[in-house]
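Atoms within a ligand are numbered from 1 in the order they appear, just like the ligands themselves.
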Amino acid sequence: MINELIEQEKIRQNKAINLIASENYASEAVKTALSSSFTDKYAEGYPGKRYYAGNKIVDELESEVKSLAQKVFHTDYHVNVQAYSGSIANLAVYYALLQPGDTFMGLELSHGGHLTHGHPVTLTGHLYKRITYHVDNKTEMLDYDEIQQLAKEHKPKLIISGASAYSRTIDFERISKIAHEVGAYHLADISHISGLVATGLHPSPFGNADIITTTTHKILRGPRGALIFCQDALSTRIDKAIFPGLQGGPHMNTIAAIGVCLEEALQPNYKTYCQTVIENASALSEELKEAGLKIVANGTDNHLFMIDLRPLGIDGNTAQNKLEAAGIIVNKNTIPFDDASPQNPSGIRIGTPAITTRGMTPEDMPELAAKIATILKTP
Ligand SMILES: *Cc1c(COP(=O)(O)O)cnc(C)c1O
């Protein structure tokens, strides 16, 4: 039964035009590593400091993956490769650096932030006092003056930057400056744009931000997992927050697969891939604009953008379902200053990492845009 479902999902994925901005297709080499013998090994602790015997090869693996991560992001920041996912990585940073009740600042969810940036439905919102910053009402781009003013007013211990649904370049340097002026840590969560940062196609927070987290399964095209980078002075606290703070044995098979994806990201064709991802997003959003659709923040600098459905008079669920019926997979998404509920918001999010892995180029975008526009405009 389960094998049958695995086969069915493979077929579904092959047939779909996948525009979910956070998804991708990992290589066969990544999948092979995921199902390797490392899946059977317990390795609580860190290289050279394990609680179980038999970890000589595991130690070599984890050390190598850490050094690959530093190479990919051109950094000598300390790195932890054990976090089970992006959510745990962020939680570990808060656990390491904040006390319950402390104040931190993050981007409002409906303006593009992630749940783990302090939303009340998550543990992060339960344990800490969260102040949200926003995008500007007119430009729908980050309002850095507001971030600065809120930071001065609330004196947070940490400011988190980064987003899950923001199509414009983020000025990490400015946010670091704002954070450090009020004595706060700056955590840059680059989950969505990590590949662009690694290949120099988006300004890097390394060198300015105190901590940087990223998932490994989005544009980075690896297994589900995460990396936490930090300045050396914070390394012990971060490592302890992951193990034993939040996790037990690391998933060594995932860490091996992260290693494979990092090796792939060091190849010259990975930068070409990231460039095409951006070109595809830009071409697709421009075509949709020409077809009369409203794009949040009037376009994109990265791999994704949002369509504001309000002028079309349809809601996110309807748009998502109509597109799915035509084999185009997107996700409904809140848009800035959305009055509708997150269960049925007024936008959809569109990303190009997955279709670019499948070989689509900017020449394919006019046809795809026409298809999307026709579906969304047809009552
Ligand atoms: C996806 C994402 C996460 C969480 O990652 P999971 O692996 O789903 O836990 C955290 N932060 C941002 C900005 C993300 O986009």
- Below 4.5 Å, heavy atoms only, C-beta onward: do Glu140 and Val296 meet side chain to side chain? yes

- Residue pairs passing the ring-ring contact (aromatic ring centres under 6.0 Å, His included) test where at least one lies in residues 277-304, sequence neighbours excluded: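 Output for this query lists His192-His303.
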
- Item | All pairs passing ring-ring contact (aromatic ring centres under 6.0 Å, His included) where residues 142-177 contributes a residue, at least two apart | Phe172-His202

- Query: Hey, would you say the Tyr84 and His251 ring centroids sit under 6.0 Å apart?
  - Reply: yes

- Item | Test item: Lys377 side-chain N/O and Ala291 main-chain N/O as donor-acceptor pair under 3.5 Å | yes

Check ligand 1 against the protein and report each N/O to N/O distance under 3.5 Å, formatted as atom name, atom name, distance.
| unit_1 | atom_1 | unit_2 | atom_2 | d |
| --- | --- | --- | --- | --- |
| ligand 1 | 7 (O) | Gly86 | N | 3.0 |
| ligand 1 | 7 (O) | His217 | NE2 | 3.4 |
| ligand 1 | 9 (O) | Ser85 | OG | 3.1 |
| ligand 1 | 9 (O) | Gly86 | N | 3.4 |
| ligand 1 | 9 (O) | Ser87 | N | 2.8 |
| ligand 1 | 9 (O) | Ser87 | OG | 2.5 |
| ligand 1 | 11 (N) | Asp189 | OD2 | 2.6 |
| ligand 1 | 15 (O) | Ser164 | OG | 2.8 |
| ligand 1 | 15 (O) | Lys218 | NZ | 2.7 |

- Query: Asp301: what forms a side-chain contact (heavy atoms from CB on, under 4.5 Å) with it, not counting sequence neighbours?
  - Reply: Arg168, Thr169

